[in-house]
Structure formats: C-alpha cells, structure tokens
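Letters go in sequence order (proteins before strands), and every chain restarts at 1.
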Amino acid sequence: MPKIAEILSDDYEGKEVEIKGWIYRTRSSGSLVFVVVRDSTGVVQVTVNKDDVPEKDFSDAEKALIESSVIAKGTVAKDERAPGGYEIRASGFNVVGFADKYPITKDQSTELLLDQRHLWIRSRKMTNVLKIRSTVFGAIHDYFRNNGYWEVQAPILTPSMVEGGSTLFKVDYYDKEIYLAQSWQLYAEAMVMALEKIYCIAPSFRAEKFRTTRHLTEYWHAEMEIAWEGMDECIKEGEKLISHICQTVAERNLPELEALKRDPEYLKSQVPPFPRMKYDEAIEMLQKKGMNVDWGKDLRTLEERALMGDFNKPLIVTHYPKEIMAFYKPRDPENPDVALCFDFIAPEIGDEIIGGSERDADIKEIIKSLEREGEDISRYDWYLDSRRFGSVQHSGFGMGIERVVQWICGLEHIRDAIPFPRTVARYYP
RNA sequence: UCCGGUGUAGCUCAGAGGUAGAGCGCUUGACUGUUAAUCAAGAUGUCGCUGGUUCGAUCCCAGCCGCCGGAGCCA
C-alpha cells in the first residue's frame, strides 16, 4: 500500500487505496467529515460521507479526536478544495485507537511542548528535523568508512576527565565515584596506536550549568583520531566531513529542507576550503571592530559571532593561547605561546561545531599541564603509556552533531535537534 | 552563579484590595466542501508555595520554588 506522500500525485487519481495513519486535523460538517490523516511521509485529507460508509465508520469518524490512529480506504480524487490538492473519498473508515483529548493545541508554549515532548515529536517540524538528523548520522558514518577509518567505541563510564572536573557527571559505581564520559578522546589516543585512523559516534556528557540555545548536557559527539598526521591534515578532514554532510542532506532531504525553509543551494555551497584565521588575527580583527578583547582569553560567544561577520561557510580559528587550552594540546614549535589547535565556527548560529588539535607528544609537558590543573596523575597513567610506547604524531577532533543539525536546519534552539533533549533544567520525559 | 522576565481554567492570556474573565480546546445540538470552519448552548479553577499587612489578599509586602531569555564555559 502506498504511503501518503506517494498518493499526492496524478498517478493515483481514481485509484482505490488504503492508508494507515494518525488524525492530524478533523472537522465535521453535517453528514460530511473532513479528516486530515498523517503518516511518516505526509498528510492527506480523507472525506467521510455518511452515505458512502457503514454507519459505525461514520460515527467513529465524527467522534475520533486528533491523533487517533486510523485505517482509511477509498478512492483518490484530485480536488482543489483539499489541502495538497488531492483527497481520499472514503469507502471505509476504521478507528484503530481512539485518542484522548490531545494536550497540544493551537496555543502552545515552549514549556508545554517540552513537557509533551513524547507527543510533540509527532509534529511536522520535529519529524522533518529528525529525518535530517538521521541523514547527518548516516553521512558521518559514510564519510569515515569510505575514507579508511575504523569505527571503535570507548567507555561511557570513565575514571578520568578530559575537559575539566567541574563539568563531570558523577556516577556511583559500586560505592566508588566515577564519571560519565565527556569525550572518547583519551581512549582514542590509545586506540589510534593500533588502528591508525579511527572514529566514533557516541553521547558525551557535560554537567555545565549553562542555559543557552546551544548547550545540551547530553549530546552526540562524532570524534575522529588519526596517527602520523598533524593539525593541517586534521582540519582538512573536518572540512571534508562537514561538506559531505551538507551535500548528503541537500541531496536526500529536499522536502524536509523546503518545509524548514532552508535553501539546499546554501548547503551545496559548503565545499572546502573554509575561511581560516589564527587566533592572533581574530583578536586583531575584533579590536579593529572596537571590541574590548585581550590576547590570552578564549573567544566568547559574542566575539565568535562578531568574527563570523559575512562568512557563509564555517570559519576555522587556529592557534589559541596554550595557557587556556586543555593539557593534551601541544605548543606550536614556531610560537610556544600558542597551541596547535582549531575550532570550526558555524555561520548563522555563530558557534563552535568542531574543536580539535594535534596531540602533545611530550610526556613532560602533559604531566606539567595536568599538575597545573590539579589532577591526580595516577588516574592518567594508562593514558601516558600512549606516549611511553612508541608515540607518534597524531591529531583528532570532535564535532557536536546537534549543533550541526541546528545549523543545517536553521533551528533557533539546539534542543530541537535531538528528540529528547537533556538540559540543566530538563530530564523529563 | 549573575542579570532580566514570568507564574491565574486542559492550552494561550487579560484582570482588579471586596470570593474569577476572554479566546481556543472539550461536551451537546445544527450544517454536504471544511482548510487548526461557522452558529447556539454547556462544563471546567489550590489565581506557584509559605508567612505578613488588612475587616477582607489571587491582587500589597517578605522569603522560597518553578519556568523562560541573556551572560560566563564549551562541541
């Protein structure tokens, strides 16, 4: 049996069809009931005429509220009065499951939609986004698998940190305190010595207390690590990955992009090289714009957005000050004040979608940095072995998948890029 | 954590020191072309919580809590 999207064409005009779906809108007008039915592909109007269906079918059609599940049989007719231009004139209308009064109505608040998230994911907006999200995940796998990477997983329950202790979720592990992973990176640095080119898609957890339109406490992280390569090669991989994702979505999600009012040409234009600047240049540029920024501090959201200016591709900022960077980012041999690291800042949302670096090969530097951050070195001993047993140059990056989906879909808030968002204030449903 | 806003019917909101309102939704009825229709009738409340002022507080005051937006941090 055809899905609803297929029915909306001349091919089916005059044909008998059966559709399965859920009531999207319903109106009754005497002995005629108009039921708009949705399935995962679209919506179509079904007209139920009292004279054309069994009596029970008609009274059920009159009674059934929004989101009742139904199976309708009938003939497809072209009719300008129907939304979408086609409708099904019912010969049978079977209500599979009567719905309670639907809590989501015309008047909606953000909070209501979040409380009713399990129902709101049925909405057109959410299903469009979720379809694009699915393409994005698939495109990430395609890219890495087609380019010689092995997919390999790291534990979620971990004894050590990557990005700082205050942002760790603590877990009671048989009366011992361990943490939810913030990144697979430390394990990746061990595994890359075995498999050389690796990647992973996994959830990462950050217990940051920040409420913004671009933070989740649980988000999906696509990470890669390559041996024998430095920062430049890593950046190129990031550009190619982003480009591949955009091309794939532009190819496969035209109806969804249209519904979200996103131009596929914009996605197609996302091809390497992306604009690049060093942190030094960024600071200079910001100062010229009259912003009060000093060398040595991380760029804030405000500044990242100011930098984006008129760029319509991600902006790559490199060589941030070493002092403010995580312990595994190495000093630039040509300028010891800065690290061999980079961020991709997305246009429009003006926010980091990729962060990466070369990894420090100097075990003494790593230990020094960890000590400065007040870490217990013994918890990192296994990690330091990657430097003790045949260390080689290696690099990697992490991409926040929801931020990419947010950018591609043009979403105001990152929480709509994931079906059940977890933020500081929300863990239900 | 800081700054700003907000909390009243199922939902979106208005309201005033004297025991509560609209629209939508829901129920009932009418309607054979509706477009989250229209018309008529009906049901629906811990006015966020605690305390204070007052003859009387949902309204004024204090504290607390929830939520929303922004900032810091980061992907």
Practice prompt. Go through rU32(B), rU34(B), rA75(B) for me and flag the one nearest to the Tyr219(A) side chain.
Written response: rA75(B)
Item to complete: Please work out if Glu402(A) contacts a base, only the sugar-phosphate, or nothing of the nucleic acid, heavy-atom cut-off 4.0 Å.
Response: nothing
Worksheet item: Counting heavy atoms not belonging to Glu18(A), are there more than 12 under 6.0 Å from its CD?
Response: yes
Discussion item. For a quick check of understanding: with a heavy-atom distance under 4.0 Å over all strands, which category does Glu218(A) fall into, base, sugar-phosphate or nothing?
Written reply: nothing
Item to complete: Please work out if Gln406(A) contacts a base, only the sugar-phosphate, or nothing of the nucleic acid, heavy-atom cut-off 4.0 Å.
Response: nothing
Worksheet item: Taking the six-membered ring for Trp, are Tyr380(A) and Tyr383(A) parallel (under 30°), tilted (30 to 60°) or perpendicular (over 60°)?
Response: perpendicular
Worksheet item: Which part of the nucleic acid, if any, lies within reach of Asp298(A) when heavy atoms closer than 4.0 Å are counted: base, sugar-phosphate only, or nothing?
Response: sugar-phosphate
Fill in: Side-chain N or O of Ser109(A) closer than 4.0 Å to phosphate OP1/OP2 of rU12(B)
yes
Worksheet item: Which part of the nucleic acid does Ala82(A) contact within heavy-atom distance under 4.0 Å: base, sugar-phosphate only, or nothing?
Response: base
Worksheet item: For the side chain of Gln45(A) and the base of rU35(B), is some donor closer than 3.5 Å to an acceptor across the two?
Response: no
Item to complete: Could you pick out which residue, Gly400(A) or Leu112(A), lies toward the 5' side of RNA chain B when each is mapped onto its nearest nucleotide?
Response: Leu112(A)
Item to complete: Please tell me which of the listed nucleotides, rA75(B), rC31(B), rU35(B), lies nearest to the side chain of Ser29(A)?
Response: rC31(B)
Response to the item:
Winner on side-chain proximity to Lys101(A), out of rC26(B), rC74(B), rU34(B), is rC26(B)
Discussion item. Between rG33(B) and Phe34(A), is there a base-stacking contact, meaning the centre of the base's six-membered ring lies under 5.5 Å from the residue's ring centre while the planes stay under 30° apart?
Written reply: no
Worksheet item: Starting at CD1 of Ile324(A) and ending at P of rC73(B), how long is that distance when rounded to a whole Å?
Response: 9 Å
Worksheet item: Contact class for Ile354(A) (heavy atom, under 4.0 Å): base, sugar-phosphate, or nothing?
Response: sugar-phosphate
Practice prompt. Have a look at Pro103(A) and say if it touches a base, only the backbone sugar-phosphate, or nothing, with a 4.0 Å heavy-atom cut-off.
Written response: nothing
Practice prompt. Could you tell me if the ring centre of His141(A) sits under 6.0 Å from that of Tyr143(A)?
Written response: no
Worksheet item: Quick one: which of Tyr199(A), Phe137(A), Trp150(A) gives a ring pair (Phe, Tyr, Trp, His ring centres under 6.0 Å) with Phe144(A)?
Response: Tyr199(A)
Worksheet entry | Upstream residue (5' side of RNA chain B) when Arg25(A) and Lys63(A) are each assigned their closest nucleotide | Lys63(A)
Fill in: Secondary structure of RNA chain B in dot-bracket form (Watson-Crick or G-U wobble, distances below 3.5 Å, | marking inter-strand pairs)
(((((((..((((....[..)))).(((((.......))))).....(((((..]....))))))))))))....
Worksheet item: What does nucleotides 65-72 of chain B look like as a protein-contact string, B for base, S for sugar-phosphate only, - for none, at under 4.0 angstrom between heavy atoms?
Response: --SBBSSB
Item to complete: For atom CG of Asn146(A), decide whether the heavy atoms of other residues, nucleotides or ligands shown that lie under 6.0 angstrom number more than 12.
Response: yes
Practice prompt. Rounded to the nearest angstrom, tell me the gap between atom CZ in Arg124(A) and atom C1' in rA36(B).
Written response: 14 Å
Worksheet item: In whole Å, what separates the P atom of rU50(B) from that of rC13(B)?
Response: 25 Å
Fill in: Euclidean distance for P, rU27(B) against rC64(B) (whole angstrom)
44 Å
Worksheet entry | Distance, C1' atom - from rC11(B) to rG25(B), rounded to whole angstrom | 7 Å
Discussion item. Side chain of Leu65(A), heavy atoms from C-beta onward: which of rU35(B), rG25(B), rC26(B) has the nearest atom to it?
Written reply: rC26(B)
Item to complete: Evaluate whether atom CD of Glu177(A) has more than 12 neighbouring non-hydrogen atoms of other residues, nucleotides or ligands under 6.0 angstrom away.
Response: yes
Discussion item. The side chain of Pro83(A) is closest to which nucleotide in this list: rC74(B), rG33(B), rU35(B)?
Written reply: rU35(B)
Worksheet item: Is the shortest heavy-atom distance from the side chain of Ile226(A) to the side chain of Glu233(A) under 4.5 Å?
Response: yes
Discussion item. Can you check the distance between rA9(B) and rG51(B), where both ends of the measurement are the C1' atom (answer in whole Å)?
Written reply: 27 Å
Worksheet item: With a distance cut-off below 6.0 Å to the six-membered ring centre and an angular limit of 45° from the axis, does Lys313(A) pair with Phe311(A) as a cation-pi contact?
Response: no
Worksheet item: Is there a donor and acceptor pair, one atom on the side chain of Gln116(A) and one on the base of rG10(B), closer than 3.5 Å?
Response: no
Worksheet item: Taking atom C1' of rU27(B) as reference, at what distance in whole Å does atom CD of Glu62(A) sit?
Response: 14 Å
Worksheet entry | Inter-nucleotide P distance (rU28(B), rC67(B)), Å rounded | 37 Å
Worksheet item: For Tyr427(A), does the OH atom sit with more than 12 other heavy atoms under 6.0 Å from it, leaving out its own atoms?
Response: no
Discussion item. Donor-acceptor pair, distance only, cut-off 3.5 Å: does the side chain of Ser204(A) make one with the backbone of His221(A)?
Written reply: no
Worksheet entry | Contact under 4.0 Å: Arg81(A) side-chain N or O vs rU34(B) OP1/OP2 | no
Discussion item. Work out how far the C1' atom of rG17(B) is from that of rC47(B), and round it to whole angstrom.
Written reply: 15 Å
Fill in: Mutual orientation of the aromatic rings belonging to Phe342(A) and Phe397(A) [parallel < 30°, tilted 30-60°, perpendicular > 60°]
perpendicular
Response to the item:
Here the distance between atom C1' of rG33(B) and atom CD of Glu80(A), to the nearest Å, is 13 Å
Item to complete: To the nearest Å, give me how far apart CZ (Phe205(A)) and C1' (rA75(B)) are.
Response: 14 Å
Worksheet item: Looking only at atom P, what distance separates rG42(B) and rU53(B), rounded to whole Å?
Response: 43 Å
Worksheet entry | Nucleotide of rC74(B), rG33(B), rG25(B) approaching Arg89(A) most closely (side-chain heavy atoms) | rG33(B)
Discussion item. The criterion is ring pair (Phe, Tyr, Trp, His ring centres under 6.0 Å); which residues satisfy it with His118(A), sequence neighbours excluded?
Written reply: none
Worksheet item: To the nearest angstrom, how far is Ile201(A) atom CD1 from rA75(B) atom C1'?
Response: 14 Å
Discussion item. Just the rounded figure in Å: distance from P of rU34(B) to NZ of Lys50(A).
Written reply: 20 Å
Discussion item. Looking at Lys197(A), I'd like to know if its NZ atom is crowded, meaning that more than 12 non-hydrogen atoms belonging to other residues, nucleotides or ligands lie closer than 6.0 Å.
Written reply: yes
Practice prompt. Using the P atom as the reference point in each nucleotide, state the distance between rA41(B) and rC24(B) in Å, no decimals.
Written response: 13 Å
Worksheet item: Rounded to whole angstrom units, what separation is found between the CD1 atom of Ile353(A) and the P atom of rC74(B)?
Response: 18 Å
